[in-house]
Amino acid sequence: MKNKKLIDKIPVEGKKRANLALNGKDGKIQGKREGYARKIVPKTISRARADINSWKSALRSADNVENPRRAKLCNLYNDILLDAHLTSQIELRMQHTLGVPFVLKNEGGKEDEEGTRRLRAARWVTELNRQILWSIYMGHTLVELEIKGNDLQVIVFPRNNVIPEKGMLLLTEDNDRGIEYRNVREYGTWILEFGSEHDYGLLNKAIPHVLFKRFAQSCWSELCEIYGIPPRYIKTDTQDQEMLDRAETMLRDMGSAAWFIIDSTEEFQFAKGADTNGDVYNNLISLCNSEISLLVTGAVIGQDTVNGNRSKEESSMKLLDKLVQSDKNMLESYWNGIVIPALVRIGILPAGLSYCLQQEEDLEKLWGMTRDVLPYLEVNPVWIKEKFGIDITGKKELPANAGLSVDPSGFFD
């Protein structure tokens with residue numbers, strides 16, 4: 001849709017708005033109307049116990065063609081994110097991308113040092129990148145930019161209130177009608193959309209594994225409680241109140257284990273169960289953890305201490321690097337196709353800039369190549385210091401029988 005000139009500007013004190021702008025033409029930030037995210041009515045999150053039936057019901061609700069709703073599915077996402085292993089795998093993959101420095105380049109391919117410095121210092125950039133990456137795991141993501149003080153703020157619309165298939169934003173989760181956010185004038189400038197409208201994200205595939213894992217942990221906990229501290233009992237005359245009170249007091253004072261009182265003519269026995277110390281539950285938990293790792297990071301990294309070895313870990317890291325590279329490419333495409341055009345229209349960035357993530361270098365491999373080439377080619381000592389931090393001050397006279405395979409004169413002209 002065509003961009004319209006925004007009116008109803010936000011009151012900003014002093015020159016705060018001009019300080020935020022990097023646009024050299026007018027140095028002004030374009031205003032916007034009151035944000036939509038502030039109008040959404042929050043709803044209490046349900047913490048009811050979830051099972052596979054809950055997941056199937058949530059999928060049926062999301063797959064409904066006439067009235068698709070993702071509220072149940074998103075509630076399950078928030079629930080399974082309490083799992084420590086799933087969280088660690090997501091953070092492992094996400095931090096590999098968030099930790100890579102970026103630069104802004106002009107149309108000539110040169111770095112815009114001022115723009116890069118300003119954006120690297122802005123907290124909202126990291127938050128926006130994180131929300132873009134969350135679209136991999138939670139599917140469609142809708143965010144709103146707001147000016148707060150002398151900085152931008154990234155606000156994520158609750159996914160429970162968004163119907164991406166219809167481009168609808170519900171101010172109340174249970175409403176039948178809402179705002180067609182793709183038709184409002186802020187769309188593409190202050191309201192940004194990431195991810196496919198039909199994508200449910202990787203968390204949808206992780207739900208059954210987390211639920212089965214919880215079941216196994218719960219059963220294993222009960223096994224520990226029953227067989228770790230077996231119950232005790234006393235046979236006594238239950239018709240004699242004095243003897244009954246005395247037996248109850250004795251059992252209560254003996255500790256916290258389960259206990260009961262039976263009549264002298266009664267008998268209690270444990271039913272014969274599987275002779276196990278919890279291996280069946282441990283195996284199920286390990287299977288679920290492995291499936292979660294394969295789903296998020298592409299391999300089981302640093303967890304299988306029984307069958308793990310260096311070559312396996314190196315191969316696993318290469319698989320993770322492939323996924324991380326894909327995340328980087330996605331982040332760059334969203335910035336260059338959606339975010340930077342929006343920041344240009346707002347007035348924060350001048351036109352003609354592009355967002356580029358810097359390539360990470362394998363310093364160990366680079367040093368090996370440098371060391372191998374020293375006997376044959378001259379290497380600039382300034383580059384050696386900048387790249388490896390080795391401060392070279394001059395040549396060192398070595399004995400003739402030092403046995404060095406590398407000629408130190410190769411560092412110098």
Side-chain angles (χ1 to χ4, degrees), residues 40-94 130-131 133-142 156-165 168-170 172-176 195-226 278-298 300 303:
I40 293 179
V41 179
K43 186 176 181 180
T44 304
I45 299 176
S46 174
R47 294 295 184 183
R49 182 174 179 177
D51 53 20
I52 297 300
N53 284 334
S54 304
W55 176 47
K56 293 293 185 180
S57 174
L59 278 179
R60 286 193 295 268
S61 179
D63 291 337
N64 190 316
V65 177
E66 296 181 357
N67 186 27
R69 294 298 179 97
R70 299 193 183 190
K72 294 181 180 179
L73 198 60
C74 292
N75 288 338
L76 282 175
Y77 289 172
N78 295 327
D79 187 27
I80 66 171
L81 282 175
L82 297 176
D83 183 79
H85 182 76
L86 176 61
T87 302
S88 69
Q89 294 301 292
I90 292 176
E91 288 296 325
L92 173 64
R93 176 173 167 180
M94 191 177 292
R130 178 176 287 275
Q131 296 304 328
L133 293 176
W134 268 115
S135 64
I136 300 173
Y137 308 100
M138 302 190 77
H140 179 271
T141 300
L142 189 67
V156 184
F157 287 100
R159 292 176 175 83
N160 299 37
N161 296 67
V162 179
I163 306 177
E165 292 84 357
M168 191 76 66
L169 175 64
L170 307 177
T172 303
E173 183 179 315
D174 300 326
N175 280 358
D176 294 329
S196 171
E197 61 184 39
H198 300 292
D199 183 22
Y200 296 153
L202 293 181
L203 289 185
N204 178 49
K205 301 175 182 179
I207 288 176
H209 304 300
V210 175
L211 295 182
F212 281 132
K213 178 182 172 182
R214 285 182 181 175
F215 165 77
Q217 288 177 323
S218 176
C219 292
W220 199 358
S221 175
E222 292 182 6
L223 178 70
C224 294
E225 181 180 357
I226 295 174
D279 287 341
V280 62
Y281 303 123
N282 188 27
N283 292 337
L284 179 55
I285 293 172
S286 299
L287 172 65
C288 293
N289 283 339
S290 298
E291 293 295 309
I292 292 172
S293 297
L294 291 173
L295 177 65
V296 179
T297 59
V300 180
Q303 299 159 30

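In this chain, numbering begins with 1 at the start of the sequence shown.
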Stepwise side chain to side chain contact (heavy atoms under 4.5 Å, CB included) check, I285 with W220: CA-CA 10 Å; I285 293 172; W220 199 358; 3.8 Å; yes
Lys/Arg N to Asp/Glu carboxylate O, E91 vs R130, below 4.0 Å: yes
T141 side chain to Q131 side chain, donor-acceptor N/O pair below 3.5 angstrom: no
Side chains of residues 199-209: which donor-acceptor pairs under 3.5 Å do they make with residues two or more places apart or in other chains?
from, atom 1, to, atom 2, distance (Å)
D199, OD1, G201, N, 3.0
Y200, OH, A62, O, 3.2
Y200, OH, D63, OD1, 2.5
N204, OD1, W55, NE1, 2.9

side-chain hydrogen bond (donor to acceptor under 3.5 Å, both in side chains) involving D51 - partner list, sequence neighbours excluded: S54
Side chain to side chain contact (heavy atoms under 4.5 Å, CB included) assessment of V162 paired with H140: CA-CA 9 Å; V162 179; H140 179 271; 3.9 Å; yes
Verdict with supporting geometry, M94 and Y137, side chain to side chain contact (heavy atoms under 4.5 Å, CB included): CA-CA 10 Å; M94 191 177 292; Y137 308 100; 3.7 Å; yes
Donor-acceptor contact below 3.5 Å, side chain S57 vs main chain N53: no
Flag, side chain of N64 to backbone of R60, donor-acceptor distance under 3.5 Å: no
Under 3.5 Å donor-acceptor, S218 side chain and R214 backbone: no
Residues which pass side-chain hydrogen bond (donor to acceptor under 3.5 Å, both in side chains) with N282, listed by chain and number, not counting sequence neighbours: none
Side-chain donor/acceptor of S88 to backbone N/O of H85, under 3.5 Å: yes
N-O pairing of K213 and E291 below 4.0 Å: no
Backbone of V296 reached by a side-chain donor or acceptor of R93 within 3.5 Å: yes
Spatial distance of atom CG (L169) from atom CD1 (I40) [nearest 0.5 Å]: 4.5 Å
